[in-house]
There are 2 protein chains.
Amino acid sequence: MEGIRVVNTLSYGLLTLLSASSLSGYELTQNIKPLWRAGHSQIYPLLVTMEQLGYITHERVEQADKPDKKIYTITGQGLDQLRQWVEIPAEPPAVRDELHFKLYSLWLSKPAEAKALLLKRKEFCQSELERYHLLLANNEALCAERGEARELEATTFGRYLLLSKRIMETETSIRFCTWALEQLESGAERPF
Amino acid sequence: MEGIRVVNTLSYGLLTLLSASSLSGYELTQNIKPLWRAGHSQIYPLLVTMEQLGYITHERVEQADKPDKKIYTITGQGLDQLRQWVEIPAEPPAVRDELHFKLYSLWLSKPAEAKALLLKRKEFCQSELERYHLLLANNEALCAERGEARELEATTFGRYLLLSKRIMETETSIRFCTWALEQLESGAERPF
DNA sequence: GAGGACATGTAACGGGTTACATGATTTG
DNA sequence: CAAATCATGTAACCCGTTACATGTCCTC
């Protein structure tokens with residue numbers, strides 16, 4: 001029962017981001033988006049708990065142009081926990097996409113509505129793809145900027161792997177939507 | 001506030017499966033797996049609620065070779081609800097994959113462990129892919145068996161779309177793992 | 001001065017996982 | 001007779017979403 005897991009998966013996610021650079025709760029909420037869906041109402045209370053456990057510390061930073069913020073920094077203890085966790089095999093992702101049900105019972109809807117459903121998803125994926133490409137470009141700029149520091153290079157590599165994953169996945173979603181839209185009009189080949 | 005949503009997403013998922021054929025709670029638990037992650041402890045109580053709402057009915061079926069079961073059937077009211085729901089645009093899927101964090105902080109782990117992490121995921125995806133191909137073959141057999149009935153053809157098409165989606169996605173995951181493993185050994189090209 | 005981005009929090013509710021609990025039937 | 005599959009249910013706890021709540025600072 002007394003597990004390796006200290007708090008929960010999200011807490012390790014926060015440690016992961018903090019292991020690359022110190023960030024505020026607000027910045028964590030923004031930066032975690034491509035990795036994991038989580039709202040600020042989950043993150044702020046979790047940061048308090050993690051600080052009580054000694055995995056992070058915070059420092060209030062006053063800003064002239066914006067409201068004050070709390071910058072969280074990972075501790076040695078937090079880094080140790082994270083190091084142990086990263087080597088444990090990852091759980092398979094939970095399949096949970098509403099579109100699956102809607103595809104399955106697509107025969108119940110009018111052809112125009114079926115088409116709209118797939119187009120909407122395709123457009124969403126296309127905007128996501130753009131965002132990921134921007135993040136990737138940012139990451140490369142950072143990499144070029146201080147290409148000497150060995151550790152920074154390493155975290156840049158992690159971001160590169162992750163963004164590559166998301167880009168490949170999103171491109172596949174777009175390919176699927178395009179193919180499925182074709183299927184709705186003809187009766188044709190399969191994509192594999 | 002008085003929404004279109006009657007119970008929750010899972011309940012529409014169950015209606016979706018029941019709109020293709022009547023099934024027991026146990027069978028629903030098995031069949032929903034490629035579409036949505038849900039355990040039997042979510043499904044059994046939900047079926048009771050949905051029956052109270054008049055969307056499904058059940059009939060006890062005695063079996064000689066196996067324990068008795070309750071076969072659930074969708075009602076006209078349930079079909080109406082489902083028809084309304086399928087045309088509402090699908091929510092984007094929630095990104096929630098532990099591997100994202102582990103990739104991001106891969107630099108913290110030993111190279112051998114990093115490799116193991118990706119290999120494990122790759123193997124999982126390969127076994128998933130096999131399962132989907134089997135389901136697809138099953139679906140085609142069903143299709144060939146009674147190729148006359150128009151409605152059955154329609155539900156077969158839905159399953160075909162869905163399985164194609166899962167197959168494309170799983171193949172992409174495998175491609176990613178293969179590519180990432182290569183990256184760990186060299187410093188090379190990106191896959192897009 | 002209205003709206004938007006930045007910034008941090010709390011509370012209620014519903015969804016989802018794990019564990020507890022039981023029992024029939026078949027196969028090795 | 002032990003293990004696996006089929007079959008159905010309940011309960012406790014944790015996780016996640018939505019809504020409530022407040023406030024700064026900048027730009028139009």
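All values below were derived from every heavy atom in this structure, side-chain atoms included, with hydrogens, water molecules and symmetry-related copies excluded.
- Residues that satisfy the salt bridge (charged side-chain N to carboxylate O under 4.0 Å, His left out) test with A/Arg96, not counting sequence neighbours, are absent from this structure.
- Distance OH (B/Tyr26) to C1' (C/dT22): 15 Å, rounded to an integer number of Å.
- Straight-line distance from the CD atom of B/Glu62 to the C1' atom of C/dA24: 13 Å, rounded to whole Å.
- Under the salt bridge (charged side-chain N to carboxylate O under 4.0 Å, His left out) criterion, A/Lys69 pairs with A/Glu27, sequence neighbours left out.
- Residue A/Arg96 has no polar side-chain atom (N or O) positioned under 4.0 Å from OP1 or OP2 of D/dC15.
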Hey, what are the protein-to-nucleotides 9-12 of chain D N/O distances that come in under 3.5 Å?
unit_1 : atom_1 : unit_2  : atom_2 : d
D/dG9  : OP1    : B/Lys70 : NZ     : 2.5
D/dG9  : N7     : B/His40 : NE2    : 3.4
D/dG9  : O6     : B/His40 : NE2    : 2.8

For a quick test of your reading: what N or O donor-acceptor pairs under 3.5 Å do the side chains of residues 35-50 of chain B make, sequence neighbours left out?
unit_1  : atom_1 : unit_2  : atom_2 : d
B/Gln42 : OE1    : B/Gly39 : N      : 3.4
B/Thr49 : OG1    : B/Pro45 : O      : 3.3

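- Rounded to an integer number of Å, the gap from B/Leu14 CG to C/dG15 P is 13 Å.
- In this view, B/His58 and B/Tyr72 satisfy the ring-ring contact (aromatic ring centres under 6.0 Å, His included) rule, not counting sequence neighbours.
- Legend: residues meeting side chain to side chain donor-acceptor pair (under 3.5 Å) with B/Ser22, ordered by chain and number and at least two apart, are B/Thr73.
- B/Ser173 pairs by the side chain to side chain contact (heavy atoms under 4.5 Å, CB included) definition with B/Cys125, not counting sequence neighbours.
- Overall bending of the helix from C/dG1-D/dC28 to C/dG28-D/dC1, expressed as the angle between end axes built from five pairs apiece, is 30° (10° steps).
- For B/Glu130, there are no salt bridge (charged side-chain N to carboxylate O under 4.0 Å, His left out) partners two or more places apart in sequence or in a different chain.
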Please write out each protein N/O paired with an N/O of nucleotides 24-27 of chain D under 3.5 Å, distance rounded to 0.1 Å.
unit_1 : atom_1 : unit_2  : atom_2 : d
D/dC25 : O3'    : A/Asp65 : O      : 2.7

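- Applying the 6.0 Å contact sphere to NZ of A/Lys122 captures more than 12 heavy atoms from other residues, nucleotides or ligands.
- Aromatic rings from A/Trp179 and B/Tyr160 are positioned such that their centres are separated by under 6.0 Å.
- Atom NZ in A/Lys69 sits roughly 8 Å away from atom P in C/dT8 (whole-Å rounding).
- Straight-line distance from the CH2 atom of B/Trp36 to the P atom of C/dG16: 6 Å, rounded to whole Å.
- Taking atom CZ of residue A/Arg37 and atom C1' of nucleotide D/dT18, one finds them 11 Å apart after rounding to whole Å.
- What separates CG of B/Leu47 from P of D/dA7 is a distance of 14 Å, to the nearest Å.
- In this structure, A/Ile43 atom CD1 and D/dG16 atom P are separated by 11 Å, rounded to whole Å.
- Partners of B/Ala114 by side chain to side chain contact (heavy atoms under 4.5 Å, CB included), not counting sequence neighbours, listed by chain and number: B/Leu106, B/Ser109, B/Leu184.
- With sequence neighbours left out, B/Lys33 forms a salt bridge (charged side-chain N to carboxylate O under 4.0 Å, His left out) with no residue at all.
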